Novice: 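Handing you this structure, nothing more for now.
Everything numeric here is computed off the predicted structure, so don't read it as measured data. What's counted below: heavy atoms across the whole structure, side chains too, no hydrogens, waters or symmetry copies. Note on naming: letters A, B, ... go to the chains in the order of the sequence lines (proteins, then strands), and numbering restarts at 1 for each one.
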Number of protein chains: 2
Amino acid sequence: MTTDISAGSGARRGRPRGTSARELELIALRLFTEQGFDETTVDQIAAAARVSRRTFFRYYVSKSDVLWNEFDNEVESIRRLLAEMPDELPVMEAVRRAVVAANHYRAEDVPELRMRMNLLNSVPELFARAAIHYDAWERAVCDFVARRSGQPADSLYPLAVGRAVLASCRAGYDRWAACADADLPVYLDAALRALAAGFSDDVIVAEPEPGSDGHLAGTRARRSGRDRRSPTAVETRG
Amino acid sequence: MTTDISAGSGARRGRPRGTSARELELIALRLFTEQGFDETTVDQIAAAARVSRRTFFRYYVSKSDVLWNEFDNEVESIRRLLAEMPDELPVMEAVRRAVVAANHYRAEDVPELRMRMNLLNSVPELFARAAIHYDAWERAVCDFVARRSGQPADSLYPLAVGRAVLASCRAGYDRWAACADADLPVYLDAALRALAAGFSDDVIVAEPEPGSDGHLAGTRARRSGRDRRSPTAVETRG
DNA sequence: GATATATTCGACACGCTGTGACGAATATCG
DNA sequence: CGATATTCGTCACAGCGTGTCGAATATATC
């Protein structure tokens, strides 16, 4: 999206930047959480970063896009992981492994992620704008499926798979953010396994939450699901 | 959403309405198509309906919501159809039947639907705002799955199913809108059957598109790796 | 028919978003 | 030092969305 300036030989030519997309994202996240999205103006974000309002819009095209800096960068990670999957693997198996592998966050990043997700699910404007960023993510999966199935990327099945995979992952994300007592990959793995099983009745009825024996290695079973109905879950965006 | 005024005994009390949500939707659809979304101001829509700009915002909370009058009304239709499904049916089978049954449009409504979908996929702001309206649709499916599986509606599987079902349907919608040579239900049925089959490899590789017309998937099979996306498909919303 | 009540509309003001234009500021390269 | 490249700040502006308040126009009641 933005021009890459990090790498390269030495310093660039002109005036040095007064801030960064990442810094603006962090400031915005803090202000949105403290005083709400609608109550936070772009001027406030810019002032906190000691730049002008106009400069903010040079880093992000809109106020609603400011929380997506990290996410956009990870789409490339998904593409790379998918490309590295062996051809022998079934498509959905490869997709699940790639997605799960791409979502191992460090523990210290979890609080930020949860704040961000709570905002995305509670502020309609952010919730809506998310669709644009999800689109690139969907395309990464869609392109992979198209290549593996020999179909054009705009045909029915690749399109459906790309979107359905993201849909399932978002369910996993939301559940994880609501009661983050287990690792995110566990939720994603469960959601994508259910998808690959076609959400058949015998799969749906069982609660897979990490209390049961996780299919995933490294996750110890704990906490029998009495964490139901957290109010922070997907709710109230009418 | 809006207060129901259609039914009831006789006329209401106060000043009669100068327009309707439906009329504004049609005017907006025409203007958006003729001169573009960004180039159309709310004042123009309001003027074409012979009302003030303020009145427009009493019918729709935002310019981006003006195309969703019909869709929002159909969510109730989905809920009703799902509630009428016999309990013996597998969940995904019931969902597929209900969704397909709810999408039999009359032939004379097809041009409007196609114009609307082309706008939704080409205008970023409309594409984003769609998520808010899809949310109610997803919840209808989610609530049904939750009831049938005995799980709370905010747990992982109902959430994943609701979103994945919509995701598949959107793929069907888009393909249908791109080359509407077959009926919409055919595409939805194919997409939802593929979803219920877990997008397994043997299902994905076969092109199910009906009629197999020229500009559809291009051909019957193969069409190897390098697959560019059709320009009419979901595109350019950066 | 006159008055009360309910509902919608129009007009106005206002803050905020997002963009275009243009010169100033600050770095490197020759 | 001058030329060049890049970013920043300021200003102006159109458009969106909201709050407010009185006017318009229907029905209900006397």
Novice: Do NZ/NE/NH1/NH2 and the carboxylate oxygens of A/Arg170 and A/Glu138 come within less than 4.0 Å?
Specialist: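 Salt bridge between A/Arg170 and A/Glu138, a charged N being under 4.0 Å from a carboxylate O: no.
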Novice: To the nearest 0.5 Å, what is the distance between CG on A/Asp43 and CZ on A/Phe56?
Specialist: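 That separation rounds to 10.5 Å.
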Novice: Check the distance between C/dC16's C1' and A/Glu125's CD and give it to me in whole angstrom.
Specialist: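 So the CD-C1' distance, A/Glu125 to C/dC16, works out to 11 Å.
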Novice: Looking at C/dT8, does its base get a donor-acceptor pair with the side chain of B/Arg17 below 3.5 Å?
Specialist: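 A donor-acceptor contact between them is absent.
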Novice: Under 3.5 Å, is there a donor on one side chain and an acceptor on the other for A/Asp183 and A/His104?
Specialist: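 Not at all, the side chains of A/Asp183 and A/His104 share no donor-acceptor pair under 3.5 Å.
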Novice: Rounded to the nearest 0.5 Å, what separates atom CZ in A/Arg116 from atom CG in A/Asp109?
Specialist: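 It is 12.0 Å, given to the nearest 0.5 Å.
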Novice: Tell me whether the side-chain N or O atoms of A/Arg13 pair up with the base of D/dT4 as donor and acceptor below 3.5 Å, since no angle test is needed here.
Specialist: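 Pair found.
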Novice: Between the side-chain atoms of A/Arg58 and the base atoms of C/dG18, is any donor-acceptor pair under 3.5 Å?
Specialist: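 Counting by modelled atom types and ignoring angles, no donor-acceptor contact under 3.5 Å is found here.
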Novice: Take B/Gly14 and B/Val51, find for each the nucleotide of DNA chain C with the closest heavy atom, and name the residue whose nucleotide sits nearer the 5' end.
Specialist: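 Comparing both residues, the 5'-ward one is B/Gly14.
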Novice: To the nearest angstrom, how far is B/Phe56 atom CZ from D/dG15 atom P?
Specialist: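 Going from B/Phe56 (CZ) to D/dG15 (P), I get 15 Å.
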Novice: Hey, which sits more toward the 5' end of DNA chain D by its nearest nucleotide, A/Ser52 or B/Arg53?
Specialist: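 Nearest-nucleotide comparison on DNA chain D picks A/Ser52.
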Novice: What is the distance from CZ of B/Arg50 to C1' of D/dA24, rounded to the nearest Å?
Specialist: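 In whole Å, D/dA24 C1' lies 17 Å from B/Arg50 CZ.
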Novice: Can you check whether any acceptor in the base of C/dG20 is under 3.5 Å from a donor in the side chain of A/Arg54, or vice versa?
Specialist: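 By the distance-only test, yes, there is a pair.
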Novice: Would you find a donor on one side and an acceptor on the other, under 3.5 Å apart, between the side chain of A/Thr33 and the backbone of A/Leu29?
Specialist: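 Present.
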Novice: Any idea which of C/dC16, D/dC16, D/dG9 is nearest the B/Phe57 side chain?
Specialist: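 Between C/dC16, D/dC16, D/dG9, the one nearest the side chain of B/Phe57 would be D/dC16.
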Novice: Specify the separation, in whole Å, of atom CZ of A/Arg15 and atom P of D/dA3.
Specialist: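 Spelled out: CZ on A/Arg15 to P on D/dA3 is 21 Å.
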Novice: What nucleotide among C/dT26, D/dG17, C/dT17 has an atom nearest to a side-chain atom of A/Lys63?
Specialist: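 Of the candidates, C/dT17 comes closest.
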Novice: It should be established whether A/Tyr59 places a side-chain nitrogen or oxygen under 4.0 Å from OP1 or OP2 of nucleotide D/dC8.
Specialist: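 Answer yes for this pair, as a side-chain N or O of A/Tyr59 is under 4.0 Å from OP1 or OP2.
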Novice: Could you state the CD-P distance from A/Glu39 to C/dT17, rounded to the nearest angstrom?
Specialist: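 Taking atom P of C/dT17 as the reference, CD of A/Glu39 is at 11 Å.
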